[in-house]
Amino acid sequence: MKNMTKFLAATALTAVSASAAMADKWDMPLAYSATNFHSENAAQFAECVTAATDGAIEMVTHPSGSLFAGNDIKRAVQTGQAPVGERLISAHQNENPLFGIDSIPFLATSFDAHEKLWEVAGPKIAEVLADQNLVYLYSVPWPPQGLYFKKPVESVADMEGIKFRSYSTATARMAELTGMLPVQVEAAELSQALATGVAESFISSGATGYDRKVWEHLTHFYEVDAWLPRNIIFANKDAWDALDEAQQAAMTDCATEAKTRGLQMSKDYTQLTLDGLREGGMEVGPASDTLVGELKEIGETMTAEWLESAGDQGKAIVDDYKAMQ
Ligand code: PCA
C-alpha cells in the first residue's frame, strides 16, 4: 500500500512537470499599441506559433510597452528576461552603426527600394544580433517617414527652436541639423508628450500619427519619404536553443508568413492612415520643393556621417544596394 501511494505521488509529480514543460509561455513585449499593424501582425504570429506547436509554446503579446518599454525590449530579450520581442532597430544605432542603415536619409524611400536594401543589409544585421545572443526571426518596415507640425512649414528656417520628438539617433541628428530641439519619446507616450507640450513636432509614418490621433494637437503632415525604418522580431538565443527542431521549424514558418503579411499591412496602412489624418482635420501633402531640397542637403551630411561611422562594412552594403538599382 505504502509503495502504491509512493507510486501514485510520483506519477502525479511527473504529470505536473510534464504539463509544465508542455506549456512553455513565451511572453512577447511590443512597444506599439494593440491596434497598430505591427502589433496586430505580431499577435497573428504568436497565434501561429501557439497553434503550430500544439500549445507547447504559448506565445502571448504585450503591446504598448506594457511589459517592457520600447527602449528596454532589446536588452530584456538579450538577457532572457523575455524570450522574444519586437524592436525598432534604428533606435539602437549607438550600439552598432549597421542598426541605422534603414535611416540613412533618402537612400531607400519606397517599399520596393527598401526591400532591396534589406536584402543586402538584413543578413549582416542578423549576424550582429547573433553576437548579442539574439536570433533574428522576421522584420517589417514602417511606411515612409514624413514630418508633423502644428503650423505650416515651408523651409528649414521655419523649424528653428521647435521641440521635436525623436525615436532614434538619426531622428535626433536631423532635429539638430534643422535647428530643432530633440527629445526622445516612445510612441506609447507620444500623445501625452504632444498634449503637455514636451514635443510639438516629430517625424514618423502616417500610421503612428493615426494610431496616436495626433490631429488633436497638430495640424500638418508633410510627406517627405525620408526613409522607412524597420521593426525586428528576435528571440533570445538560449530560449531558441532549448526548442526542439520541429518547434524551431514551426517558428521559422510562422515568421516567414509574418514577414510577408506585415509588409502588405504596412503598404495598405500607408494610404489608409494618411486618409485618416485628413479625416481628423490635418493638412496632408508633399513638402515644398524648398524644404525637400534643404532636407536633402542635411541628408547628405547625415549619410557622410553614417558612412564614416560604419566603415568598410557599411560602405559595402550601400554599394551593393546601389548596384541593384
Ligand atoms: N513609427 C514609429 C517608428 C517609425 C514610425 O513610423 C514611431 O514613431 O515610434
Side-chain angles (χ1 to χ4, degrees), residues 29-42 63-66 68-74 85-93 99-111 114 117-118 139-149 163-175 180 182-195 198-218 221-233 262-263 265-277 282 284:
L30 309 172
Y32 302 94
S33 60
T35 53
N36 173 268
F37 73 91
H38 286 286
S39 304
E40 285 177 352
N41 190 37
S64 293
S66 56
F68 290 98
N71 209 28
D72 299 326
I73 290 175
K74 182 164 172 285
E86 175 187 65
R87 181 59 177 148
L88 177 76
I89 198 62
S90 55
H92 296 275
Q93 190 179 329
F99 290 154
I101 190 137
D102 61 17
S103 307
I104 298 175
F106 306 108
L107 179 65
T109 60
S110 67
F111 280 103
H114 178 80
L117 176 62
W118 202 250
S139 83
V140 175
W142 288 89
Q145 305 289 290
L147 287 164
Y148 288 88
F149 293 105
K163 284 182 265 173
F164 181 85
R165 173 264 176 169
S166 63
Y167 62 66
S168 65
T169 311
T171 52
R173 185 70 181 129
M174 176 176 263
M180 295 192 286
V183 49
Q184 181 124 2
V185 176
E186 297 286 342
E189 314 294 337
L190 180 57
S191 308
Q192 204 189 344
L194 296 171
V198 166
E200 45 191 359
S201 164
F202 63 104
I203 186 167
S204 196
S205 55
T208 290
Y210 179 80
D211 285 343
R212 307 323 303 168
K213 299 190 172 54
V214 301
W215 53 83
E216 290 175 1
H217 312 287
L218 305 178
F221 178 74
Y222 293 104
E223 293 165 61
V224 176
D225 296 351
W227 60 76
L228 292 79
R230 270 185 110 89
N231 281 2
I232 298 187
I233 290 69
L263 175 60
M265 287 170 114
S266 191
K267 288 179 180 174
D268 294 345
Y269 268 59
T270 304
Q271 198 52 48
L272 185 124
T273 55
L274 292 181
D275 291 346
L277 294 177
M282 292 187 74
V284 176

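Just so you know, ligand 1 is whichever comes first in the structure, and atom 1 is the first atom listed for that ligand. These numbers were taken from a predicted model, which means no experiment stands behind them.
- Residues satisfying the side-chain hydrogen bond (donor to acceptor under 3.5 Å, both in side chains) criterion with Ser168, sequence neighbours excluded, are Thr171.
- Trp215 has its ring centre no less than 6.0 Å from the ring centre of Tyr148.
- Asp275 meets the side-chain hydrogen bond (donor to acceptor under 3.5 Å, both in side chains) test with Gln271, Arg278; sequence neighbours excluded.
- Applying the side chain to side chain contact (heavy atoms under 4.5 Å, CB included) rule to Pro105 yields the partners Trp227, Met302, Thr303; only residues at least two apart in sequence or on another chain are considered.
- Side-chain atoms of Arg165 never come within 3.5 Å of backbone atoms of Phe202 as a donor-acceptor pair (strictly under, hydrogens ignored).
- When ring centroids are compared, Trp142 and Tyr167 stay outside the 6.0 Å threshold.
- Annotation: ligand 1 has protein neighbours Tyr32, Leu88, Trp142, Gln145, Arg165, Tyr167, Ala187, Ser204, Ser205, Thr208, Pro229, each with a heavy atom less than 4.0 angstrom from the ligand.
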